[in-house]
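The structure appears below as structure tokens.
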There are 2 protein chains.
Amino acid sequence: MAVSNIRYGAGVTKEVGMDLQNMGAKNVCLMTDKNLSQLPPVQIVMDSLVTNGINFKVYDNVRVEPTDRSFLEAIEFARKGAFDAYVAVGGGSTMDTCKAANLYASSLHSDFLDYVSAPIGKGKPVSVPLKPLIAVPTTSGTGSETTGIAIFDYEQLKVKIGIASRALKPTLGLVDPRHTLHMPGRVVANSGFDVLCHALESYSALPYHMRSPCPSNPIFRPAYQGSNPVSDIWAVQALRIVAKYLKRAVRNPDDLEARSNMHLASTFAGIGFGNAGVHLCHGMSYPISGLVKTYKAKDYNVDHPLVPHGLSVVLTSPAVFTFTAQMFPERHLEMAEILGADTRTARAADAGPVLADTLRKFLFDLDVDDGLAAIGYSKADIPALVKGTLPQERVTKLAPCPQSEEDLSALFEASMKLY
Amino acid sequence: MAVSNIRYGAGVTKEVGMDLQNMGAKNVCLMTDKNLSQLPPVQIVMDSLVTNGINFKVYDNVRVEPTDRSFLEAIEFARKGAFDAYVAVGGGSTMDTCKAANLYASSLHSDFLDYVSAPIGKGKPVSVPLKPLIAVPTTSGTGSETTGIAIFDYEQLKVKIGIASRALKPTLGLVDPRHTLHMPGRVVANSGFDVLCHALESYSALPYHMRSPCPSNPIFRPAYQGSNPVSDIWAVQALRIVAKYLKRAVRNPDDLEARSNMHLASTFAGIGFGNAGVHLCHGMSYPISGLVKTYKAKDYNVDHPLVPHGLSVVLTSPAVFTFTAQMFPERHLEMAEILGADTRTARAADAGPVLADTLRKFLFDLDVDDGLAAIGYSKADIPALVKGTLPQERVTKLAPCPQSEEDLSALFEASMKLY
């Protein structure tokens with residue numbers, strides 16, 4: 001299991017200039033989005049770069065929930081700048097955009113689809129050396145500072161897909177809990193749901209020794225290994241923190257203890273799912289986000305319809321875990337228990353409904369929209385949602401049980417209304 | 001926190017030839033000791049190297065509990081061989097010897113003391129690039145496959161000291177539970193005590209935010225950070241496994257479940273203490289091993305007196321944790337509870353004695369010698385033992401409370417007899 005370099009603590013961000021100097025960087029690309037570019041995390045990074053005499057250019061045109069077009073614009077900027085290091089300050093959208101920019105600027109003659117996961121892209125392995133990338137997460141959800149994954153909306157097909165390679169892992173993640181204090185409540189909730197699903201999905205993913213076929217050479221091992229004794233530790237720990245702190249973190253922007261813990265949980269879950277993988281909630285979320293019609297999430301300052309990633313992931317979770325519990329009921333009961341359910345008298349056959357009910361209660365308490373219907377989908381959309389899920393084989397094959405198109409239809413249908 | 005690449009699973013060792021080929025290695029040094037060189041783990045590695053057409057030379061002269069002299073002999077071999085990669089198959093002695101050989105063969109003009117920790121050595125930071133090193137642990141204790149540490153007996157001063165640098169971390173650890181089946185019972189017990197103390201010491205180490213002074217630049221951060229939210233997870237998880245499986249693993253060589261779990265616990269505790277550090281049990285163990293008179297541990301096939309590392313570490317543990325419990329009593333009670341104590345009615349002031357009693361019972365059940373007296377030490381040796389502990393500041397400064405020479409004397413005296 002490959003792992004990541006993380007530095008955690010209040011104030012670690014201001015060391016970024018020294019880190020870049022230690023790496024010998026002289027011409028740095030600082031990526032962020034328009035909202036953040038006015039906020040303290042970016043200011044602290046810029047001050048540190050100036051103090052340490054490091055030349056840099058700012059790219060603040062990152063799109064929240066990026067697209068192939070927004071990736072290409074950032075890649076163009078990176079190629080022109082010929083940078084020798086990158087700093088990404090923001091949420092998953094910014095870190096993922098920066099990873100893509102670094103990759104394609106380091107591989108000048110590649111076509112965009114070359115590194116995009118199959119079957120939509122060519123899924124070419126990354127063999128070019130990338131420049132150092134320091135990730136400074138400002139949301140507590142994606143865990144992108146620890147993973148080799150970059151996700152975007154492929155506009156032509158209206159579906160989210162990704163680039164996945166260990167080579168994309170940031171050189172260093174600076175996990176600074178103070179940055180979480182600027183997050184509006186719904187951003188905390190939705191990014192927290194991403195953490196929740198990273199933990200639930202990686203803990204229930206197909207075990208690593210049941211994955212097949214076995215790769216003929218270790219170099220062909222996928223980034224996503226299936227659940228394993230190391231990822232299990234991260235998943236369980238992240239889930240415990242979500243159970244204890246997410247509601248507090250959403251409700252009180254000044255609860256530094258709760259927000260710090262969620263920031264750590266995001267990193268922990270990232271290390272876990274970065275090794276184990278995620279499965280159906282994530283696989284099904286990509287068309288839910290990609291096919292968005294008019295829904296505009298509260299607290300997100302963007303000019304386009306948007307289903308935030310964490311929301312698109314969590315809305316199917318009660319249906320998904322009802323479906324997957326048949327395979328590893330003990331693990332599903334354990335997850336329910338960590339989330340607060342009394343499982344003492346539960347039987348294995350109850351595992352799915354028990355976990356689903358626990359999740360529904362958790363989401364209800366956090367004012368989550370009442371299912372896919374509440375964010376603009378109807379039964380008529382199900383064929384398109386299923387069609388958008390099919391190419392997500394990179395993740396759906398890690399579900400503990402295989403799923404037919406009918407299964408996927410039923411899961412979307414069961415997710416239309418939650419309460 | 002820097003972390004390590006680990007591949008875990010039955011059979012992963014036979015992939016080593018492919019891994020080396022993927023790294024472009026053409027001239028490999030295989031290090032092991034005389035006992036292991038006749039056993040399956042080494043045979044599997046050699047077969048894999050041959051199958052993959054990789055040239056290699058075997059160095060099987062590693063000394064169990066290595067000395068500066070045995071390190072220098074291995075270094076000489078490595079320098080002459082001009083290898084482009086290393087494979088270490090064995091316990092901590094072999095992995096540590098291989099790390100040192102790789103370091104000094106990559107730094108031809110260095111004097112041996114250059115990289116040895118201060119105050120005995122010069123503690124120079126490692127700035128030369130090392131060759132890839134793949135570690136294949138065959139004992140379940142050291143965690144050396146995950147750490148940047150190499151420990152040896154400095155014969156002139158009769159004390160164990162080390163070389164510590166992130167640069168020494170193995171490129172890859174192949175953690176193959178099948179290799180543990182060849183271990184005799186006392187080797188399982190003693191190496192398990194090393195895991196136990198790695199977990200106890202790193203969980204009770206000075207917290208990372210209380211370490212001072214703060215380094216002026218992140219590059220000066222020590223390998224040992226103090227206890228932190230990431231190392232805590234590894235320590236607790238390793239401790240749980242030790243509590244559940246160590247006795248079974250010692251008693252039944254065929255208990256693959258127990259031995260596999262201890263093998264993982266060794267790696268987990270290694271990642272934990274490799275970030276957090278260890279403190280007094282380890283600091284005091286170095287003179288206990290270094291000043292050995294005639295004691296010869298059962299089940300160790302060596303021609304010299306030997307206090308196995310894990311034994312030298314664990315014998316002071318009841319005294320040490322009685323002493324340190326004053327600082328973080330809740331954590332000490334938590335450790336006692338994980339090891340099986342009923343702590344429901346315990347008060348904070350009881351934390352030290354409760355944990356110490358739990359440890360004494362655990363050691364008694366595992367037939368451990370009755371304290372330092374049973375391995376040949378008397379009160380008259382205490383000044384020499386204290387003197388040998390003083391240069392171990394690299395670790396002792398991570399104890400949660402400072403300790404005077406009188407404190408150290410008292411700790412050795414309290415460890416003369418356990419039961």
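We use all heavy atoms of the structure for the numbers below, so side chains are in, but hydrogens, waters and symmetry mates are not. Protein chains get the first letters and strands the later ones, always in sequence-line order, with residue 1 at the start of each.
At most 12 non-hydrogen atoms from other residues, nucleotides or ligands lie less than 6.0 angstrom from NZ of A/Lys244. The 12-atom threshold is not exceeded at CZ of A/Arg178, counting heavy atoms of other residues, nucleotides or ligands nearer than 6.0 Å. When the shell of 6.0 Å around CZ of B/Arg331 is examined, it contains more than 12 heavy atoms from other residues, nucleotides or ligands.
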Step-by-step side-chain contact (heavy atoms from CB on, under 4.5 Å) determination, A/Arg221 to B/Arg7: CA-CA 11 Å; A/Arg221 286 181 182 235; B/Arg7 196 179 311 138; 3.2 Å; yes
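The distance from atom CD of B/Gln21 to atom CG of A/Asn217, rounded to the nearest 0.5 Å, is 7.5 Å.
Residues B/Ile233 and A/Ile233 meet the side-chain proximity criterion, which asks for heavy atoms closer than 4.5 Å.
Relative orientation of the A/Trp234 and B/Trp234 rings is perpendicular, given thresholds of 30° and 60° on the angle between their planes.
Of all heavy-atom pairs spanning B/Phe268 and A/Pro229, the tightest one is CZ-O, 3.9 Å.
Residue contact with chain B, scored on non-hydrogen atoms closer than 4.5 Å, involves the backbone and the side chain of A/Glu15 alike. Contact annotation for B/Ser216: only backbone heavy atoms (N, CA, C, O) come within less than 4.5 Å of a heavy atom of chain A.
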